[in-house]
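Below is one structure, written out as structure tokens; comments come after it.
Quick note: residue numbers are just sequence positions, from 1. Only a predicted model underlies this, so the values are computations on that prediction, with no experimental measurement involved.
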Amino acid sequence: MRLIGNLTSPYARKVRIFLLEKKIDFDFDFVTDDVFAKTPLVSQFNPLGKIPCLLLEDGKTLFDSRVIIEYVNGLSPLGQLIPKEGRERAEVKCWEALADGILDAGVLVRLEKVLRPIEKQSEEQMARQWGKVTAGIAHAAQHLGQNEFCEQKTFTLADIALCSCLGWFDFRFPEYRWGDQHVNLREYYDRMIQRPSFISTVPKA
């Protein structure tokens, strides 16, 4: 199987960390792609042109990090990162949705700044999206509190998703310094990123 992504995508990083924690990363070849190229590789497999995209052995494809993780989760019993059912599962998936939503807003801000000429940039649009970022991170900090992990008193997909999100903001918006306002979140993140799976997937330009 081949996983198409790049070294800066937080969504691809989430999948890569999940694979490492499930101990099945050796079953996947990671193929880097530039989604802003004239003809990115991923466009051959995902009509939306987005990464990550997983190419299966039978030639079929899966796209969207949440879909890929659901599939990967069933490939090995090792690393119980998602509760099987009920409220516990929903709560872990809600953390993932929160982290991805914060990222969606942050990516839109960055694209507005990077791809649009200054005279065409919408300050109103960027402020609106940045409001989602700050509200989302504040929500994460409040609900994390002083807990060691997001949910279940153990490491789960919730922690992978949240830390992939926070790591991207450190990488792309180092001036944001979200940890100054949310000390508990910064302490949690600094502890989490000592895991080998996080260290080996640090974003690289």
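With sequence neighbours excluded, the residues forming a side chain to side chain donor-acceptor pair (under 3.5 Å) with Arg89 are Glu70, listed by chain and number. Legend: residues meeting ring-ring contact (aromatic ring centres under 6.0 Å, His included) with Phe30, ordered by chain and number and at least two apart, are absent. For Arg66, the side chain to side chain donor-acceptor pair (under 3.5 Å) test picks out Asp100, with sequence neighbours left out. For Arg13, the side chain to side chain donor-acceptor pair (under 3.5 Å) partners are Thr201, not counting sequence neighbours. Scored by the side chain to side chain contact (heavy atoms under 4.5 Å, CB included) test, Lys153 finds no partners at all (sequence neighbours excluded). When the salt bridge (Lys or Arg N to Asp or Glu O under 4.0 Å) test is applied to Asp180, the partners found at least two apart in sequence or on another chain are Arg177. Listed by chain and residue number, nothing satisfies the salt bridge (Lys or Arg N to Asp or Glu O under 4.0 Å) test with Glu88 (two or more places apart in sequence, or in another chain). Under the salt bridge (Lys or Arg N to Asp or Glu O under 4.0 Å) criterion, Arg191 pairs with no residue, sequence neighbours left out. For Glu21, the salt bridge (Lys or Arg N to Asp or Glu O under 4.0 Å) partners are Arg195, not counting sequence neighbours. The side chain to side chain contact (heavy atoms under 4.5 Å, CB included) test applied to Gln181 returns no partner, not counting sequence neighbours. Applying the side chain to side chain donor-acceptor pair (under 3.5 Å) rule to Asp104 yields the partners Tyr11; only residues at least two apart in sequence or on another chain are considered.
Atom CD of Gln121 and atom CD of Glu112 lie 6.0 Å apart (nearest 0.5 Å). From Leu20, atom CG reaches atom CZ of Phe28 across 11.0 Å, with rounding to the nearest 0.5 Å. Within the model, atoms CG of Leu166 and CG of Leu103 stand 8.5 Å from one another, a figure rounded to the nearest 0.5 Å. Interatomic distance, CD of Glu57 versus CZ of Arg2, reported as 12.0 Å (0.5 Å rounding). A distance of 9.5 Å separates CG in Leu185 from CG in Asp190, rounded to the nearest 0.5 Å. Annotation: the span from Leu19 atom CG to Ser197 atom OG amounts to 10.5 Å, rounded to 0.5 Å.
Residues Val31 and Ile68 are members of one and the same hydrophobic cluster, defined by side-chain heavy-atom contacts under 4.5 angstrom among Ile, Leu, Val, Met, Phe, Trp and Tyr. Residues Val114 and Val109 are members of one and the same hydrophobic cluster, defined by side-chain heavy-atom contacts under 4.5 angstrom among Ile, Leu, Val, Met, Phe, Trp and Tyr. In this structure, Trp130 is not a member of the same hydrophobic cluster as Leu108, with clusters built from ILVMFWY side-chain heavy atoms closer than 4.5 Å. Note: the hydrophobic cluster containing Leu115 also contains Ile51 (ILVMFWY, side chain heavy atoms under 4.5 Å, direct or indirect links). Tyr188 and Val202 fall into different hydrophobic clusters, where Ile, Leu, Val, Met, Phe, Trp and Tyr are joined by side-chain heavy atoms under 4.5 Å apart, directly or via other members.
Residues Ile69 and Ile82 form a side-chain contact, since some pair of their non-hydrogen atoms from C-beta on lies under 4.5 Å apart. In this structure the side chain of His182 reaches within 4.5 angstrom of the side chain of Ile137, judged on heavy atoms. In this structure, the side chains of Ile17 and Ser164 come closer than 4.5 Å at one or more pairs of heavy atoms. Between Phe169 and Ile102, the closest side-chain pair of non-hydrogen atoms falls below 4.5 Å. Between Tyr189 and Phe198, every side-chain heavy-atom pair lies at or beyond the 4.5 Å cut-off. Between Pro52 and Phe63, every side-chain heavy-atom pair lies at or beyond the 4.5 Å cut-off. Side-chain contact between Leu157 and Lys93 is present, with at least one heavy-atom pair separated by less than 4.5 Å. With contacts defined as side-chain heavy-atom distances shorter than 4.5 Å, the pair Trp178/Arg186 qualifies.
Pairing each heavy atom of Ile199 with each of Ile193, the nearest pair is CG1-O, 3.4 Å. Of all heavy-atom pairs between Cys165 and Ala99, the closest is SG-O, 3.7 Å.
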Pairs under 3.5 angstrom only: tabulate donor-acceptor contacts from the side chains of residues 36-49 to other protein residues two or more places apart or in another chain.
residue: Ser43; atom: OG; partner: Pro40; partner atom: O; Å: 2.6
residue: Asn46; atom: OD1; partner: Leu48; partner atom: N; Å: 2.9
residue: Asn46; atom: ND2; partner: Lys50; partner atom: O; Å: 3.0

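Under the 3.5 Å distance criterion, the side-chain polar atoms of His143 are matched with a main-chain donor or acceptor of His139. The backbone N or O of Pro196 lies less than 3.5 Å from a partner atom in the side chain of Ser200, making a donor-acceptor pair. In this structure a side-chain-to-backbone donor-acceptor pair under 3.5 Å is missing from Glu151 to Val92. The backbone N or O of Asn73 lies less than 3.5 Å from a partner atom in the side chain of Lys22, making a donor-acceptor pair. Between the side chain of Asn184 and the main chain of Leu144, no donor-acceptor pair closer than 3.5 Å is present. Side-chain N or O atoms of Asn147 include none that pairs as donor or acceptor with a backbone N or O of Cys150 at under 3.5 Å. Panel note: side chain Asn6, backbone Thr8; a donor-acceptor pair is recorded below 3.5 Å.
Between Trp168 and Phe173, the distance from one ring center to the other falls under 6.0 angstrom.
Evaluated for a side-chain contact (heavy atoms from CB on, under 4.5 Å) with Ile4, the options Thr61, Leu55, Val35 yield exactly one hit, Leu55.
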Met192 and Phe149: CA distance, side-chain angles, deciding distance, side-chain contact (heavy atoms from CB on, under 4.5 Å) verdict:
CA-CA 9 Å; Met192 286 290 105; Phe149 302 103; 3.6 Å; yes
Please evaluate residues Phe155 and Leu81 with respect to the criterion side-chain contact (heavy atoms from CB on, under 4.5 Å), reporting the C-alpha separation (whole Å), side-chain torsions for both, the decisive distance (0.1 Å), and the verdict.
CA-CA 7 Å; Phe155 184 79; Leu81 301 172; 3.9 Å; yes
Working note: Lys14 + Glu96, criterion side-chain contact (heavy atoms from CB on, under 4.5 Å); need CA distance, chi angles, decisive distance, verdict.
CA-CA 10 Å; Lys14 179 178 65 170; Glu96 183 185 21; 2.9 Å; yes
With side-chain contact (heavy atoms from CB on, under 4.5 Å) as the criterion, how do Val72 and Ile24 come out once you've worked through the C-alpha distance, each side chain's angles and the decisive distance to 0.1 Å?
CA-CA 9 Å; Val72 167; Ile24 54 176; 3.5 Å; yes
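Defined by atom type and a distance below 3.5 Å, a donor-acceptor pair is missing between the side-chain atoms of Trp95 and Asp159.
With a 6.0 Å radius and a threshold of 12 heavy atoms from other residues, nucleotides or ligands, Glu124 has its CD atom at or below the threshold.
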